[in-house]
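Side-chain atoms are counted along with the backbone in the values below, which use heavy atoms only and exclude waters and symmetry mates. Quantities reported herein were computed from a predicted structural model and do not represent experimental measurements.
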Amino acid sequence: MGETALDDLSSALLDWYDSHARVMPWRVPPADRKAGVAPDPYAIWLSEVMLQQTTVAAVRDYHRKFTTLWPNVRDLAAADDAAVMAAWAGLGYYARARNLLKCARVVVADHGGAFPRDHATLLTLPGIGPYTAAAIAAIAFDAPETVVDGNVERVMARMFDIHTPLPAAKPDLTARARALTPQQRPGDYAQGVMDLGATICTPRNPACGICPWRAGCAARIAGSAADLPRKTPKKKTPTRHGIAYVARRADGAMLLETRPESGLLGGMLGWPCSDWADDPAPAPPLAADWTALDAQARHTFTHFHLHLRIMLAHVPLDAQPERGHFIARPDFSPAALPTAMRKVYDLVADLVQND
DNA sequence: AAACCGGGGCA
DNA sequence: TGCCCAGGTTT
C-alpha cells in the first residue's frame with residue numbers, strides 16, 4: 001500500500017473523529033483543539049494511568065474525585081499516601097496508585113512540576129511504560145507518537161487481516177499502526193483510533209457497516225473481522241480459600257491491617273487473614289471467642305477465584321492483637337477497602353452495627 | 001518471555 | 001462462566 005493510500009486512511013479517521021469523538025472530562029474536543037486549546041498534561045497523565053486495563057466508564061468518577069481533591073501535580077505530590085490509596089480503593093491494580101504518587105513526586109522534584117514532553121523522558125517515570133509514554137506525548141503535547149493499546153491492536157489485526165495470535169502478533173501490529181500515524185494532528189489521530197475500537201471496531205459484533213475504514217478493511221472483505229484478533233489460549237483460573245478475621249472492640253473499633261507494599265492488594269487496608277491456599281491454616285490475629293459465619297465472601301482476581309470464610313469476635317477494650325491495628329468507629333470507612341475486603345464487611349455489617 | 005496484579009460489564 | 005478492557009513491573 002502506497003503512502004497516498006495510508007494518508008487517505010488517516011485523513012478519513014480524523015474526519016470521523018471530528019464528528020464522533022467520545023466526550024471525556026479530561027479530553028479537549030477536536031474543535032477546541034483546532035482552536036488552540038491545549039490539554040492539561042496532569043489531567044491526561046492521570047486519565048491514562050487510570051485507564052490502564054480499565055474502562056472509561058469505571059474511570060470517570062475516580063478522575064473527577066482525584067482532580068477535585070488534588071487539582072494539580074504539586075497538590076498530589078504533597079498528599080498523604082493513605083489518602084491516595086483510600087481514594088483509589090475499588091479501582092484495582094493498586095500498584096498504579098503507589099506509582100502515581102511516586103511519579104507526581106518525581107515530576108515536582110526533578111522536572112519543576114512540569115511533565116516531560118518527550119517519549120524517552122516520560123518512560124523514565126514510575127508507572128509510565130511504552131503505551132502511557134506515547135499516549136501522553138501524543139495527546140497532551142501532540143507529538144507524532146504511535147499509541148498502541150488493545151483497541152489499536154484489534155483495529156490493525158482487522159484492517160490487515162492478520163491471523164497471527166497475540167501476543168506474538170504485537171510487533172507486526174505496532175509496525176502497521178506506526179505506518180498509519182500521520183504527522184498532522186497525531187494526538188487526535190491516536191484518540192480517534194482508540195475511539196473507533198471502543199465504539200465501532202468492538203471485540204464482538206463490530207459495526208463494519210458504519211466504519212470510516214470499511215472500504216479498506218481486509219478482514220471485513222474476507223469476512224473474518226469478528227474472529228480477530230486471535231489470541232493464544234489462556235489457562236483457566238483456580239480457586240483459593242482463606243479465612244478473614246473481623247474483630248470488633250467493645251467501643252466499636254474494628255481490627256484491620258495494612259497489607260505489605262508489594263503483592264496482592266499491596267498497601268491497601270484489609271481484614272487480617274489466613275493465607276490463601278487450597279486448605280488454609282487458621283491464623284487468628286488475637287485470642288478470642290471466634291464465631292464462624294455461614295456466608296462466604298467470593299471474589300475473582302485476575303488469576304484466581306477467592307472464597308473467604310469469615311470469623312467474627314467481640315473483644316474487650318484492652319485486647320492486644322498480634323497483627324493489625326484497631327481503627328475507631330468514626331475513622332473506619334468501608335469505601336477505603338479494596339473490593340474483596342469490602343465484600344467481607346458487607347456480610348458482617350448487620351452483625352457489628354448495633355451492639 | 002512469563003508471571004503477577006482488580007474489577008466491572010457484557011454475552 | 002469466560003472474555004474484554006486506553007498496561008507496567010517484576011522475575
Side-chain angles (χ1 to χ4, degrees), chain A residues 21-22 24 26-27 43-63 85 88-100 102-103 122-140 145-155 166-168 170-171 174 177 187 189-199 201-206 226-240 259-268 270 276 298-306 337-343:
Chain A
R22 302 174 78 187
M24 302 177 195
W26 52 87
R27 174 180 281 181
I44 297 300
W45 162 71
L46 186 58
S47 74
E48 289 301 336
V49 173
M50 288 182 167
L51 285 164
Q52 290 165 7
Q53 300 298 102
T54 308
T55 58
V56 172
V59 163
R60 267 210 176 79
D61 289 346
Y62 282 89
H63 193 277
M85 298 310 289
W88 195 276
L91 196 54
Y93 284 112
Y94 297 97
R96 293 185 294 170
R98 297 193 301 274
N99 285 329
L100 191 79
K102 286 185 195 168
C103 182
L122 285 164
L123 207 47
T124 67
L125 297 172
I128 296 183
Y131 163 77
T132 306
I136 295 173
I139 298 173
E145 296 288 342
T146 301
V147 181
V148 182
D149 71 336
N151 286 307
V152 177
E153 289 176 353
R154 183 172 59 256
V155 170
L166 286 168
K170 193 172 175 64
T174 299
Y189 174 82
Q191 296 176 93
V193 180
M194 290 190 283
D195 278 18
L196 187 73
T199 62
C201 196
T202 51
R204 285 180 294 253
N205 303 319
D227 301 323
L228 298 178
R230 295 179 55 190
K231 302 202 173 177
T232 54
K234 49 186 77 169
K235 30 191 166 181
K236 52 183 176 183
T237 58
T239 299
R240 295 185 198 171
R259 301 175 61 85
E261 282 294 305
S262 64
L264 196 67
L265 307 180
M268 298 300 290
W276 297 351
R298 292 172 173 238
H299 187 75
T300 299
F301 293 98
T302 307
H303 51 299
F304 66 94
H305 305 291
L306 177 64
L337 299 174
T339 300
M341 298 298 171
R342 188 183 49 71
K343 287 177 178 174

Whole-Å distance separating the [atom1] atom of [X] from the [atom2] atom of [N]:
X	N	atom1	atom2	answer
A:Met194	C:dA6	CE	C1'	5 Å
A:Lys231	C:dC3	NZ	P	10 Å
A:Ile136	C:dG7	CD1	P	13 Å
A:Arg98	C:dG8	CZ	C1'	12 Å

Looking at every non-hydrogen atom in both residues, tell me the closest pair between A:Glu145 and A:Ala134 and how far apart they are.
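Taking A:Glu145 first and A:Ala134 second, the nearest heavy atoms are CB-O, 3.8 Å.
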Minimal heavy-atom distance between A:Leu51 and A:Val59, with the atoms involved, is CD2-CG2, 3.7 Å
[N] to [M] separation - [atom1] atoms, rounded to the nearest Å:
N	M	atom1	result
C:dC5	B:dG6	C1'	12 Å
C:dG8	B:dG9	P	24 Å
B:dA11	C:dA6	P	16 Å

Distances under 3.5 Å between protein N/O atoms and the N/O atoms of nucleotides 9-11 of chain C, please, pair by pair.
unit_1	atom_1	unit_2	atom_2	d
C:dT9	OP1	A:Gly127	N	2.7

Counting primed atoms plus P, OP1 and OP2 as sugar-phosphate and everything else as base, spell out the protein contacts along nucleotides 1-11 of chain B at 4.0 Å heavy-atom distance: B, S or - for each nucleotide, 5' to 3'.
--S-BBBS-BS
Touch class at under 4.0 angstrom, heavy-atom based, for A:Met24 against every strand present:
base
Base, sugar-phosphate or nothing for A:Arg154? Non-hydrogen atoms, less than 4.0 Å.
sugar-phosphate
For [X], side chain to side chain contact (heavy atoms under 4.5 Å, CB included) partners two or more places apart:
X	answer
A:Arg98	A:Met85, A:Tyr94, A:Ala95, A:Glu261
A:Thr300	A:His305
A:Arg230	A:His163, A:Pro165, A:Leu228
A:Pro130	A:Leu123

So, does A:Thr132 use its side chain to make a donor-acceptor pair with the main chain of A:Gly129 at under 3.5 Å?
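It does not hold such a pair.
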Regarding A:Arg259 and the six-membered ring of A:Trp276, is the cationic atom NZ or CZ under 6.0 Å from the ring centre and inside 45° of its axis?
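The answer is yes, since A:Arg259 meets both limits relative to A:Trp276.
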Distance below 4.0 Å between A:Thr132 side-chain N/O and C:dG8 OP1 or OP2:
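It does, given that an N or O in the side chain of A:Thr132 lies less than 4.0 Å from OP1 or OP2 of C:dG8.
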When you check the gap from the basic side-chain N to the acidic O, do A:Arg27 and A:Asp195 get nearer than 4.0 Å?
yes
